[in-house]
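Read the structure below first, then the notes.
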Amino acid sequence: MTQEELFKKLIAHSKEYGFIFPSSEIYDGLSAVYDYGQLGVELKNNIKKYWWDAMTKLNDNIVGIDAAIFMHPRTWEASGHVGAFNDPLIDNRDSKKRYRADVLIEDYIAKQDDKIEKEVEKAAKRFGESFDEALFRETNPRIAEVRATREAIHGRMVKALGDNDLEELRQIILDAGIVCPISGTRNWTEVRQFNLMFETKMGSVAEGANTIYLRPETAQGIFVNFLNVQKTGRMKIPFGIAQIGKAFRNEIVARQFIFRMRDFEQMEMQFFVRPGEEMGWFEHWRETRMRWHRAMGFGDSHYRFHDHDKLAHYANAATDVEYEFPFGFKEVEGIHSRTDFDLGNHQKFSGKKIQYFDTETGESYVPYVVETSIGVDRTVLQVLSASYKEEALEGGETRVVMAIPPAIAPVKVAVLPLVKKDGLPEVARRIMNDLKFDHNVQYDEKDSIGKRYRRQDAIGTPLCVTVDHQSLEDGTVTVRYRDTMAQSRVSIAELPALVENEVSLKKLLEKVNG
RNA sequence: GCGGAAGUAGCUCAGUUGGUAGAGCAUUAGCCUUCCAAGCUAAGGGUCGCGAGUUCGAACCUCGUCUUCCGCUCCA
């Protein structure tokens, strides 16, 4: 089975058993939007709890918040999203490649600069001058010409970007004779602008409604609440604020199942530190977050770091945790050292002082931030794709089993009467009622016992408890383990402790704690 | 967004030269009682992705459209 086939099977399996459905499917679905079904929501909630506990319980200096999706529009000016998320894009029809129009022009300008430099060097050599002398003499008509067009193009680009004039941007590309680096042709489409933020209106139209955005990341809800939490929680630096919530991006290309959705969920933690100490904390969180992933037990070789060479406007260090999906290594989580960019900008845009008085140093400063930002849906996909297994059994049979870590499995225990008579269902119901306060438990009496085991395997239930006639006599039941298919006989009284031991989050959290 | 492929029951698919749909599995009910799925009986379930057009007649031909999958790009 190829990885591609595996991925297709996984998607089909996810739908068939109620993990994930296409959104509004009866209306043909909505592109890149998915719904979580009855099992998917349990899995997702368990993953969120795993993260939340790893942040807020394991660290006494991390607290959580839950900010609104709507925020004041100025937030997104301060964060840079209004600017950075509005890229003018152009396609080359021959190579089918898409470029940022301004980047194409900038590359062109850089090339012209190289050309000028070369010509100047040549002139300097010929006339026995220094580079600077040749540069400023400007009698070489070739240099003057190249420089004039370079300046003209540059000037037009700056103006076009400022005016948001997309037609002019395209005209600049045509006038400069810029060709596609791949196809070498000038067969360009129109320049289009994609605003990655979803807009909506707040207030009635009559009142003069304001455009507001659905947040494209949850982080800003933390930054704008920095002082609220720091002061009311009497937090001392270093400390962190964690948040889980939905974010929305109008992706141009959104595909690969739930890997890139337009409506997605993030788990973000912003850790506030003393300026100058950010790199140590960056390393700390880089390692801690990798431990969190690896603790799930999918195999360390399926993870790697991808350190960024090219940094975003707000960062001075950045790395990704990548997981090896069926479609290759892809980013699941980002760890960024964001400096004081966010808090500093909010201070600037709001006019409110956002500073921390450090009693140790006696200084007042804008804290630096180290961020961990993980996609919930990507983690769900990571768990699903790591867990899906088709096993060959003796006798040429196969079984599909979801080897989901027990602590995050949607259903923890299935209670099964061997037959649905002779009082076995009643005993099974009693066991279920005893366990249901602590765990998600399923009851099933339909079909043969083997078939019921397979059904539970397919949804990743780690434990099956089977009630048989012997149970009536001595109060014992069979516990059947998903991964090994092994069985053991235990007394009903021992069940709560046994189940707790098998499915407890504590084991995972201990590994994260290091 | 551009190019390629696909869309018939919950799933996997069949459906002849155009004559208005079928199988297996699954589901539900009953019987049977068996610790690793596919015993027996019965039932439910499809305006063939959607909309036009051609035709006496369209799942099938034509056009459009939507969705999904595969490449290009970005990102949590």
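Quick caveat, the model's predicted, so the values are computed rather than measured. In what follows, chains are A, B, ... by sequence order, proteins preceding strands, each numbered from 1.
Of the side-chain N and O atoms in Lys15(A), one or more sit less than 4.0 angstrom from OP1 or OP2 of rC11(B).
What you find for Phe271(A) and Val273(A) is that their closest heavy atoms are CD2-CG1, 3.5 Å. Of all non-hydrogen atoms in Arg399(A) and Asp483(A), the two that sit nearest each other are NH2-O, 3.3 Å.
Across all strands shown, rA52(B) forms a Watson-Crick or G-U wobble pair, both distances under 3.5 Å, with rU62(B). rC72(B) is paired with rG1(B) under the criterion used here, namely a Watson-Crick or G-U wobble arrangement in which both key atom distances are under 3.5 Å. Nucleotide rG45(B) forms no Watson-Crick or G-U wobble pair with any nucleotide shown, as no partner meets the under 3.5 Å limit on both distances. Across every strand in view, rA6(B) sits in a pair with rU67(B) that passes the Watson-Crick or G-U test at under 3.5 angstrom. In a base pair of the Watson-Crick type (N1 to N3 plus N6-O4 or O6-N4) or a G-U wobble (N1-O2 and O6-N3), with each distance short of 3.5 Å, rA23(B) is matched with rU12(B). Across all strands shown, rC32(B) forms no Watson-Crick or G-U wobble pair with both distances under 3.5 Å. The partner of rA38(B), taking Watson-Crick or G-U wobble pairs whose two distances both stay under 3.5 Å, does not exist in any strand shown.
Less than 6.0 angstrom separates the ring centroid of Phe327(A) from the ring centroid of Phe7(A). The six-membered or imidazole ring of Tyr368(A) lies away from that of Phe272(A), with a centre-to-centre distance of 6.0 Å or more.
Among the heavy atoms of the strands, none lies under 4.0 Å from Val376(A). Note on Glu268(A): nothing from the nucleic acid sits closer than 4.0 angstrom, heavy atoms only. Note on Tyr34(A): only backbone sugar-phosphate atoms sit closer than 4.0 angstrom, heavy atoms only; bases stay farther off.
Whole-Å rounding puts the Phe325(A) CZ to rC75(B) P distance at 17 Å. Between the C1' atom of rC75(B) and the CZ atom of Arg262(A) lies a distance of 13 Å, rounded to the nearest Å. Atom P of nucleotide rC74(B) and atom CD of Glu217(A) are separated by 19 Å, given to the nearest angstrom. Atom P of nucleotide rC74(B) and atom NE2 of His81(A) are separated by 17 Å, given to the nearest angstrom.
For the P atom pair drawn from rA43(B) and rC25(B), the interatomic distance equals 16 Å after rounding to whole Å. Between the C1' atoms of rA23(B) and rA9(B), the separation comes to 11 Å (whole Å). Rounded to whole Å, the C1' atom of rU73(B) lies 28 Å from the corresponding atom of rG64(B). Taking atom C1' in both rC50(B) and rC66(B), one finds a spacing of 7 Å when rounded to whole Å. Between the C1' atoms of rA42(B) and rG49(B), the separation comes to 32 Å (whole Å). For the P atoms, the distance from rA37(B) to rC48(B) is 39 Å, rounded to whole Å. Comparing the same atom, P, in rC31(B) and in rG24(B) gives a spacing of 24 Å after rounding to whole Å. Of the C1' atoms belonging to rA52(B) and rU68(B), the separation is 23 Å, rounded to the nearest Å.
Positionally, the nearest nucleotide of RNA chain B for Pro22(A) lies more toward the 5' end than for the other of Gly375(A) and Pro22(A).
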How does each nucleotide of nucleotides 26-43 of chain B score, in 5' to 3' order, for protein heavy atoms under 4.0 Å: base (B), sugar-phosphate only (S), or none (-)?
-> SS-----B-BBB------

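Contact annotation: side chain of Arg260(A) to base of rC74(B), donor-acceptor pair present below 3.5 Å.
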Residue pair Thr466(A), Tyr453(A): steps toward the side chain to side chain donor-acceptor pair (under 3.5 Å) verdict = CA-CA 10 Å; Thr466(A) 304; Tyr453(A) 285 154; 2.7 Å; yes

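There is a side-chain donor-acceptor pair under 3.5 Å between Thr218(A) and Glu268(A). Glu331(A) and His306(A) form no side-chain donor-acceptor contact under 3.5 Å, judged by distance and modelled atom types alone.
At distances below 3.5 Å, at least one donor-acceptor pair connects side-chain atoms of Asp377(A) with backbone N or O atoms of Glu265(A).
Remark: Arg454(A) engages Glu397(A) in a salt bridge (charged side-chain N to carboxylate O under 4.0 Å, His left out) (not counting sequence neighbours).
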